[in-house]
Undergrad: 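After the structure tokens below, expect a handful of questions from me.
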Amino acid sequence: MSKKILGAVIALLVTTATALAAPAKVKIGFLVKQPEEPWFQSEWKGAEKAAASYGFDVVKLGVTDGEKTLAAIDNLTAQGAKGFIICTPDVRLGPAIVAKSKGANLKVIAVDDQFLSANGKPMTAVPYLGMSASKIGAAAGEGIAGELKARGWVPAEVGVCVITFDQLDTIRQRTDGAVGALTAAGVPANRVLRTAQKTQDVPGSFDAATILFTQHPEIKRWLICGGNDTAVLGAVRASEQRGFAAADVIGVGINGTDCIDELRKSKPTGFFGTIRVSALGEGFTTSERMFKWVTAGTMPALDTRTTGIFMTRANLEQVLKDDQ
Ligand code: FCA
């Protein structure tokens, strides 16, 4: 045997022995509907943190539609994963996701967007972790109302631009919560103007807000709320496009991940603040629960709701430092 071949044989034996000695790491998938969004990237970071501390592998996959979701489950099965966490691109995919996962012996935890069954009711048997949507929405509304008072505006003279996305329960509850807080603070119901975004992103809300601003040229000052940061950011961009000054707009988002550059701009914009929720914590907790479920059989909590804190330019850096 030549030295070269002998060397190769030894190398092969060593690798094989190592592979046999080290038990394969548990693999857990983390599937998200909008992989380009900072919110979901932060969830992934949290998942990786859990993976590092518990010693498992996390497989991060973007699932922007139903087809990609089902393909991702096949991919996880082929890789020998034990389970996955998912923020589904469409909550009505719930039954299909559950059926496919059962067939492949994969455990599932839903994060952010709760699955809906065929009759439109939440699938409460699937462990879920998401925002306390109504409360967080109300906190956004209260944040706007506080600033309205600070600026000395007359509540009956403003318009409220509500960027809605009612097909997603967690978003509908947030926008309803915000509207409830604003009307409780004295804004008349007839000044609350809803406009639906077709897509859950900045262009989607930019278009929705532009329609509203065009329909109401009489309104000179706008309050802006929506289901997340991108909803409010798009509307703020639309207000600038229509010629509104930052001083005449108060927008408060939700997430606190997609607006960091905005809040760090040297001059304030109409995006006044956000309700910051820990995406990192959500990614960590759901991954940790999945790991304990697949390794120790510990069933995760079925329904967990997270809370948030009001973050503005004033406390931004501190809040971010506290959530790393
Ligand atoms: C939904 C939204 C995200 C985030 C998440 C918690 O999925 O689309 O932006 O707010 O809930």
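Values below: every heavy atom of this structure, side chains too, minus hydrogens, waters and symmetry copies. The residues of the chain are indexed from 1 along the displayed sequence. When a ligand or atom number is given, it counts from 1 through the structure's own listing order.
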Undergrad: Polar contacts were defined as any N/O atom of the residue lying under 3.5 Å from an N/O atom of the ligand; does this apply to Glu282 and ligand 1?
TA: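 No, no N or O pair falls under 3.5 Å.
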
Undergrad: Measure the distance from atom 6 (C) of ligand 1 to every protein heavy atom, then report the residue, atom name and distance (to 0.1 Å) of the closest one.
TA: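 Going atom by atom, the protein heavy atom closest to atom 6 (C) of ligand 1 ends up being Asp112 OD1, 3.2 Å.
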
Undergrad: Which of the atoms of ligand 1 are close to Asp113, meaning less than 4.0 Å from one of its heavy atoms?
TA: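 Listed by number with element, the hits are 1 (C), 7 (O), 11 (O).
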
Undergrad: Applying side chain to side chain contact (heavy atoms under 4.5 Å, CB included), run through Lys100 and Leu70 and close with a yes or a no.
TA: CA-CA 8 Å; Lys100 199 167 172 77; Leu70 299 180; 3.7 Å; yes

Undergrad: Trp222 vs Phe244 aromatic rings, parallel, tilted or perpendicular, using cut-offs 30° and 60°?
TA: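 Trp222 vs Phe244 ring planes: perpendicular.
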
Undergrad: Does the N or O separation between Asn255 and ligand 1 drop below 3.5 Å for any pair?
TA: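 Indeed, backbone or side chain, Asn255 has an N or O that close.
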
Undergrad: Hey, is Asp113 close enough to Lys33 for a salt bridge, meaning N to O under 4.0 Å?
TA: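 Yes, Asp113 and Lys33 are salt-bridged.
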
Undergrad: Considering the heavy atoms of Met131, write down every atom of ligand 1 situated less than 4.0 Å from one of them.
TA: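 So the answer, numbered in order with elements, is 6 (C), 10 (O).
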
Undergrad: The test is side chain to side chain contact (heavy atoms under 4.5 Å, CB included); show your working for Ile28 and Phe291 and say whether it passes.
TA: CA-CA 8 Å; Ile28 290 170; Phe291 179 73; 3.9 Å; yes

Undergrad: Please state which protein non-hydrogen atom is closest to atom 11 (O) of ligand 1 and give its distance, to 0.1 Å?
TA: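 Closest protein heavy atom to atom 11 (O) of ligand 1: Arg174 NH2, 2.9 Å.
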
Undergrad: Which option out of Asn228, Ile254, Ile171 puts a heavy atom nearest to atom 9 (O) of ligand 1?
TA: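 Minimum heavy-atom distance to atom 9 (O) of ligand 1 goes to Asn228.
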
Undergrad: I want to check something: taking the side chain as every heavy atom from C-beta on, are Ile224 and Val249 in contact at a cut-off of under 4.5 Å?
TA: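 Yes; the side chains approach each other to less than 4.5 Å.
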
Undergrad: Side chain or backbone, does Gln34 bring an N or O within less than 3.5 Å of an N or O on ligand 1?
TA: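 In fact, backbone or side chain, Gln34 has no N or O that close.
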
Undergrad: Strictly distance-based, threshold 3.5 Å: is any side-chain N or O of Thr183 a donor or acceptor partner for the main-chain N or O of Gly180?
TA: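 The answer is yes, because a donor-acceptor pair under 3.5 Å joins these two groups.
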
